Amino acid sequence: MTILERARADVRDAWTATSAGEHYRGARWASTRRRERDAVRLRALIERHAPDALRGATWLDVACGTGRLAHSWQPAARNYLGIDASPAMLAEHPLSGRVARADAFRLPFATDSFELVVACRFLHHLVQRADLDAAVDELCRVTRELVAVTFWDSRSLADWRRPKRGDRADDPRVARPGTELVEAFERAGARVLEMRHSFRFVSRQAYLVARVR
């Protein structure tokens, strides 16, 4: 097993470990500000292009974890379905009747099943470009309107400083320029409407919304 394969396996094991759900529900997002940050920024981006998207639309939360988005986007959770590969994460989800274990690369839904599909803090774990393309294809396949995602932007101070801070060389997470995300969505038949950043050029965390053609 290569260093990269070992690192990816370590991440997968961490997600599926018995304590993973408890950690993500508690210490990982201990403060309200940290817990709500992604949800607030994603919601603003979505509603700028589709004001009613979270009011009556059916939406899918891919790699939903312990349900941060579902918890924040009330009452949109009435039309919510979350999927994750980790039973430990799903066990801590507040909407236990609206979640399922599933593979993000093989979503068990028909084409155009949802009006909105969201993937928060998932794409930066996909090291290979082929994996990114496959995931984006699936996100776009199952929606008939919008896809909203987060990704790590490589054109940021945080990413430029990463090797210099002595971070793990085998860290399997990856940052990419926004142009790669635009290209991936175009290949999947979607048009990127807007990209935003937490703090432009400082934080690597970025937010993107696309419309399926």
Side-chain angles (χ1 to χ4, degrees), residues 37-65 68-70 72-73 76-77 79-85 98-100 102-156 159 173-198 200 203-213:
R37 182 168 50 205
D38 288 332
V40 168
R41 288 175 176 158
L42 271 173
R43 180 165 195 154
L45 191 61
I46 292 165
E47 292 187 336
R48 191 153 41 243
H49 296 279
D52 296 325
L54 287 171
R55 294 174 191 168
T58 54
W59 62 287
L60 176 68
D61 186 2
V62 175
C64 64
R68 282 192 305 131
L69 296 185
S72 299
W73 290 354
N79 303 304
Y80 170 89
L81 181 62
I83 68 104
D84 202 284
R98 298 178 187 171
V99 297
D103 184 346
F105 295 98
R106 298 177 182 83
L107 294 173
F109 308 108
T111 299
D112 299 339
S113 292
F114 302 91
E115 293 165 273
L116 170 67
V117 173
V118 182
C120 182
R121 293 186 179 263
F122 169 57
L123 297 183
H124 63 267
H125 291 288
L126 307 182
V127 177
Q128 301 299 323
R129 182 66 179 266
D131 289 344
L132 175 69
D133 285 343
V136 170
D137 280 347
E138 275 294 89
L139 298 179
C140 292
R141 180 185 67 80
V142 298
T143 184
R144 54 185 177 273
E145 292 190 20
L146 293 182
V147 178
V149 302
T150 69
F151 70 97
W152 278 7
D153 190 343
S154 61
R155 296 172 183 174
S156 66
D159 200 68
R173 296 171 297 180
V174 63
R176 291 182 166 88
T179 51
E180 284 195 17
L181 275 295
V182 172
E183 291 167 359
F185 276 94
E186 287 180 345
R187 283 192 292 271
R191 178 171 60 90
V192 172
L193 301 175
E194 187 177 355
M195 281 190 287
R196 292 272 175 167
H197 297 76
S198 291
R200 189 70 172 116
S203 171
R204 62 171 68 96
Q205 181 76 334
Y207 308 84
L208 177 153
V209 64
R211 186 181 301 278
V212 176
R213 297 189 180 106

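Since the model is a prediction, treat every value here as computed from it, not as a measurement.
Nearest heavy-atom pair, Phe122 versus Ala104, reported as atom, atom and distance to 0.1 Å: CZ-CB, 3.7 Å. Between Met195 and Gly178, the shortest heavy-atom contact is SD-CA, 4.0 Å. Scanning all heavy atoms of the two residues, the minimum distance from Ile46 to Ala53 falls at CG2-CB, 3.6 Å. The minimum heavy-atom distance linking Ala119 with Leu139 is given by the pair CB-CD1, 4.1 Å. Of all heavy-atom pairs between Leu107 and Arg141, the closest is O-NH2, 3.0 Å. For Phe105 against Glu138, the heavy-atom pair with the smallest separation is O-CG, 3.3 Å.
Taken to the nearest 0.5 Å, the CG atom of Leu132 stands 6.0 Å off from the CG atom of Leu181. Taken from CG in Asp52 to CG in Leu116, the straight-line distance is 12.5 Å, to the nearest 0.5 Å. For the atom pair CZ (Arg48) and CZ (Arg196), the distance works out to 4.5 Å, reported to the nearest 0.5 Å. Note that the OG1 atom of Thr143 and the CG atom of Asp112 stand 7.5 Å from one another [nearest 0.5 Å]. The line from SG of Cys120 to CG of Leu42 is 5.5 Å long, rounded to the nearest 0.5 Å. Of the inter-residue distances, the one linking Leu54 atom CG with Trp59 atom CH2 reads 6.5 Å to the nearest 0.5 angstrom.
In this structure, Glu183 pairs ionically with Arg129, as a charged nitrogen and a carboxylate oxygen lie closer than 4.0 Å.
One N or O on the side chain of Glu115 and one on the backbone of Thr58 form a donor-acceptor pair closer than 3.5 Å. Side-chain N or O atoms of Arg176 include one that pairs as donor or acceptor with a backbone N or O of Val127 at under 3.5 Å. In terms of modelled atom types and a separation under 3.5 Å, the side chain of Thr150 and the main chain of Arg121 share a donor-acceptor contact.
Phe114 meets the ring-ring contact (aromatic ring centres under 6.0 Å, His included) test with Phe109; sequence neighbours excluded. Phe151 is linked by a ring-ring contact (aromatic ring centres under 6.0 Å, His included) to nothing, counting only residues two or more places apart in sequence or in another chain.
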Exercise for the section: In sequence, state the C-alpha distance, the side-chain angles, and the governing distance for Gln205 and Asp38, and then conclude on side-chain contact (heavy atoms from CB on, under 4.5 Å). Expected result: CA-CA 9 Å; Gln205 181 76 334; Asp38 288 332; 3.2 Å; yes
Exercise for the section: Let me see the working for Arg155 and Thr179 under side-chain contact (heavy atoms from CB on, under 4.5 Å), right down to the final yes or no. Expected result: CA-CA 11 Å; Arg155 296 172 183 174; Thr179 51; 4.0 Å; yes
Practice task
Any chance you could lay out the side-chain contact (heavy atoms from CB on, under 4.5 Å) test for Val149 and Val62, step after step, and finish with the verdict?
Solution key: CA-CA 10 Å; Val149 302; Val62 175; over 6 Å; no
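Residues Asp84 and Val99 fail the side-chain proximity criterion, which asks for heavy atoms closer than 4.5 Å.
Around the CZ atom of Arg213, the shell of radius 6.0 Å holds more than 12 heavy atoms that belong to other residues, nucleotides or ligands.
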